[in-house]
J.: 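Before I ask anything, here is the structure I am working with.
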Amino acid sequence: MSTLVIVESPTKARTIRNYLPSDYRVEASMGHVRDLPSSADEIPPEVKGTKWAQFGVNVEADFEPLYIIPKEKEKTVKQLKDALKEADELVLATDEDREGESISWHLLQVLKPKVPIKRMVFHEITKEAIRDALKHCRTIDEQVVRAQETRRILDRLVGYTLSPLLWKKIARGLSAGRVQSVAVRLLVNRERQRLAFRQGTYWDLKATLEKDKNPFEARLITLRGIKVATGSDFDESTGQIAAGRNVVLLSEADALALQERLTGKTWTVANIEERPITRKPAPPFTTSTLQQEANRKLGLSAKDTMRTAQSLYEQGYITYMRTDSVHLSEQAIAAARSCVEQMYGKEYLSPKARQYSTKSKGAQEAHEAIRPAGSSFRTPQETGLKDREFRLYDLIWKRTVATQMADSRQTLISVEIQVEDAGFRSSGKRINFPGYLRAYVEGSDDPNAAIEDQEVILPPLKVGDHPNCTELEAIGHETQPPARYTEASLVKTLESEGIGRPSTYASIISTIVDRGYAQMNGNALVPTFTAFAVTGLLEKYFPDLVDTGFTSRMEQTLDDIATGGVDWLPYLRKFYQGEEGLETQVKVRESQIDATEARTIALEGIDAKIRIGKFGPYVEAENGDGVVTASIPKDLTPADINPEQVETILRQKTEGPEKLGIHPETGEPIYILLGSYGHYIQLGDAQEGSKKKPKRAGIPKNTKVEDVTLEMALGLLALPRTLGVHPDTGGKIQAALGPYGPYVVHDQGKEGGKDYRSLKATDDVLTITLERALELLSQPKAGRGGSRSKTKEALRELGNHPEDGEPINIYDGPYGPYIKHGKTNASIPEGESVEAVTLEKALELLAAKASTAKSTKSSSKSSKSTTAKKSTTSKAKTTKTAASKTTTKTTATKKKTS
DNA sequence: CAGTGAGCGAGCTTCCGCTTGACTT
């Protein structure tokens, strides 16, 4: 007698294996095992050529889906089939959500078991929970499966009808979809707001006051009893004060005059207000909030966050990282509370256990919140984790522990000070009891809001006091356009609208960047010309599909299908077929849409036409005797193109390149040209009809075109520059400019190959010395983004071998986890968990195995990645001293109680 | 890398959501 249990992830399989009797075999399906064919080569020959083959859905036969097993899943399916042969019972234990239910159903279709089957669901991975779940199995819920299938078909219909329309009307290879097109539209809409934004300017006064030698600051709030205008009083589209606002707008002259008039006058405290407030800790992490916070606090991309979290999960440090639930298990709450008591003391404990409920739309809650794993939490220091993994675990640990901490109690203090007819205000904040702030402060997307939760001390004041004014500054402000989306804020918006799922947030961003809809500019997502063209078309002809409400309405229907309230077939028919159906709509639109118009982007202030062509965006303009076209450089976006640039691009095309000077030796002209990859330098003219291209050289990224001198151009054209020879090897050392920027290279001869190092920002490829090059070459290679792509991550590090000091680690292999010491590998015996292996035990196992080779030297430490602290500077100008205020992001306090 | 912005015209591009492959220790 044996039972085969199938779960979705191998890590989960490994864990629950330990909680089940020995005659239970646990295997993983690795997610879905079947899907619609994704591309032409997956379409079976028998349906190829039919009208509906490209969909993989037979729209003429009640939307019958054509399921195939993708190539990469064949191996998994075979393993599951083999495992099933030896079982006399099958338990399907995939996640309890729509996709999980569907995976179980597909497994049944593929495996065709002849033994009894059961559907089991569990929400906590503990021995009790799993044993209990095993006793309460059910059958597969066919209606939930239908809901999933409907979702799958609908997404396919949307994606595979709209995308071809874009190929015909705008450019080949483009894509549209229920999720990505809304995401792109969000970016485009924000960029339109930014383009329509008109800056407003206002001035105010800042006073530095003193009471009993304690200085504090106050801001001008009212004048003659009327509120002084600030940024929020402006209309973003005009740069003027919004209609209906009763405010005084101060110009620079007004502010300076007032400053003059108030100097030397008596300041009087008119009113003091104290208001107590309490603040509650943020809920524990979901995928979305983890990505947001890791982006804000650690500067990680959504992808990096997920990669790191996956590794922590596989090593048993955290619970599952793809979840939309903020639910904490009893076990987790108890563990967090015990952490609070031990590390911060009883007074910091929340009086009652705090449980959060999920608010986001369409949450399916198949898992717990993301938290430290286990029934007692390892502190970050105890884990022995390093770098990125440490920092992410630390973040998760703090956030989770903070949820069970007491509220923070604070007092807001507002002091009004009158001088003549001007009212000033000073705001203070007292933290009476920090509570959860001791462990965790949530980050913010707005750098100006980051000072929240910091104490602002005011001296003791009472009404009627006359504080002394030591300085009075007039400060100018400019209103700022709405900020671009970052990965974090886009994920936040998508999640709150119920668009996308935890497993897809990171890939949505990759998709829109890969398809050329957006570029990363620092932390900001900037939409491209293509994004403008595509969004324009979709909004005009398919407004419902790119509306943020489309997904929530679909989700509602899917829920109704799952509970039996709605029939899936009429829903799909109405969506796709008939007069109003998508199929007809696309056909009708296809004849209506003018392709030239669709690929043209109108931007305010730009007279030339901007179009999307086969090779990317280009400008087109009338020019006396015809039409001129010229490519727009790749990194230029609608946001930063201006009439001058358009003119330069076109002029260069018609009048030839700008001449920088003449080469002193050859007498050839040197030009600066603008290509699709940016500016470059060219020596001599291109020969008509000749295959030979003139010598060209790029301009380093951090150099502005205007700053390029003839001397610099000569230097760049002369690259690669030989610096000398290496004192040890005699190999040649050169400096040059490559596709990834400036570098130095050491030619170590035939045997050694070439050793490359990138230059640092402070180095100049034209002037770098041999000494500096040798210094760079002596340092270890930086590696890409700190990830060790080639070397495998250890599951656990046990310590060093007592004899040779070499590290002993546990890695994951195809036959389960194994212990590695130098070149000796030993499997962990069946039934023993990775966590349970001690160094002593490992030495035993290695000794038993080590009848063959002895280890050789192999040790290299990974390089450290540095994180820059972010800071923002206000745009303030002042008449007296430069009043630049710096606010730094608040980070979680790291203090420990003794 | 450093152009181009027709046509010929077969076959192809494309969606969203689940999940990690790999090696012969």
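Keep in mind the model is a prediction, meaning the values are calculated, not measured. Computation of the quantities below employed the complete heavy-atom set of this structure, encompassing side-chain atoms and omitting hydrogens, waters and symmetry-equivalent molecules.
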J.: Between dT20(B), dC16(B), dT14(B), spot the one nearest the side chain of R322(A), thanks.
T.: dT20(B)

J.: For G159(A), report the nucleic acid contact type (base, sugar-phosphate, nothing); a contact means any heavy atom under 4.0 Å.
T.: base

J.: Dump the pairs, protein N or O against N or O of nucleotides 11-13 of chain B, anything under 3.5 Å, distances to one decimal.
T.:
{"from": "dT13(B)", "atom 1": "OP2", "to": "A40(A)", "atom 2": "N", "distance (Å)": "3.4"}
{"from": "dT13(B)", "atom 1": "O2", "to": "G173(A)", "atom 2": "N", "distance (Å)": "3.3"}

J.: Checking E597(A) now: which residues fulfil salt bridge (Lys or Arg N to Asp or Glu O under 4.0 Å) with it, not counting sequence neighbours?
T.: K540(A)

J.: Could you go through the salt bridge (charged side-chain N to carboxylate O under 4.0 Å, His left out) check for D544(A) and R553(A) one step at a time?
T.: CA-CA 11 Å; D544(A) 292 347; R553(A) 290 193 293 274; 5.2 Å; no

J.: Could you check which of dT19(B), dA22(B), dG5(B) has an atom nearest any side-chain atom of K75(A)?
T.: dA22(B)

J.: Scan V158(A) against the nucleic acid and name what it touches under 4.0 Å (heavy atoms): base, sugar-phosphate only, or nothing.
T.: nothing

J.: Report the residue from K609(A), R599(A), R611(A) that forms a salt bridge (Lys or Arg N to Asp or Glu O under 4.0 Å) with E620(A).
T.: R611(A)

J.: When you look for runs of 3 or more Watson-Crick or G-U pairs in a row, both distances below 3.5 Å, which of them include DNA chain B?
T.: none

J.: Categorize E8(A) for me: base, sugar-phosphate, or nothing, with a 4.0 angstrom heavy-atom threshold over every strand shown.
T.: sugar-phosphate

J.: For K12(A) and S181(A), find the nucleotide of DNA chain B closest to each by heavy atoms; which residue's nucleotide sits nearer the 5' end?
T.: S181(A)

J.: Looking only at the side chain of T504(A) (C-beta and beyond, no hydrogens), which of the listed nucleotides dT19(B), dT4(B), dG17(B) gets closest?
T.: dG17(B)

J.: With a non-hydrogen cut-off below 4.0 angstrom, is G616(A) in contact with a base, only sugar-phosphate, or nothing?
T.: base

J.: Could one point to a donor on the side chain of R501(A) or the base of dC18(B) with an acceptor on the other under 3.5 Å away?
T.: no

J.: Within a strict 4.5 Å, meaning less than it, do heavy atoms of the V179(A) and T504(A) side chains meet?
T.: no

J.: Is it the case that over 12 heavy atoms from other parts of the model lie below 6.0 angstrom from the NZ atom of K51(A)?
T.: no

J.: Taking NZ in K169(A) as the centre, count heavy atoms belonging to other residues, nucleotides or ligands within less than 6.0 Å. Is the count above 12?
T.: yes

J.: Between Q148(A) and E99(A), does any side-chain donor sit less than 3.5 Å from a side-chain acceptor?
T.: yes

J.: Need one value for A28(A): base, sugar-phosphate or nothing, where a base atom within 4.0 Å counts as base even if backbone is also close, heavy atoms only.
T.: nothing

J.: Cation-pi check for Y160(A) against R156(A): NZ or CZ below 6.0 Å from the six-membered ring centre and within 45 degrees of the axis, yes or no?
T.: yes

J.: Measuring only the P atom in each nucleotide, how far is dC12(B) from dC16(B)? A whole number of Å is fine.
T.: 22 Å

J.: Please pick, from dC16(B), dG17(B), dG5(B), the nucleotide with the shortest atom-to-atom distance to any side-chain atom of D155(A).
T.: dC16(B)

J.: Classify the side chain of T76(A) and the base of dG21(B) as holding, or not holding, a donor-acceptor pair under 3.5 Å.
T.: no

J.: For P617(A) and K73(A), take the nucleotide of DNA chain B holding the closest heavy atom to each; which residue's nucleotide lies nearer the 5' end?
T.: P617(A)

J.: Nearest heavy-atom pair of E42(A) and I68(A): which atoms, and what distance?
T.: OE1-CD1, 3.5 Å

J.: What nucleotide among dC16(B), dC18(B), dT4(B) has an atom nearest to a side-chain atom of R178(A)?
T.: dC16(B)

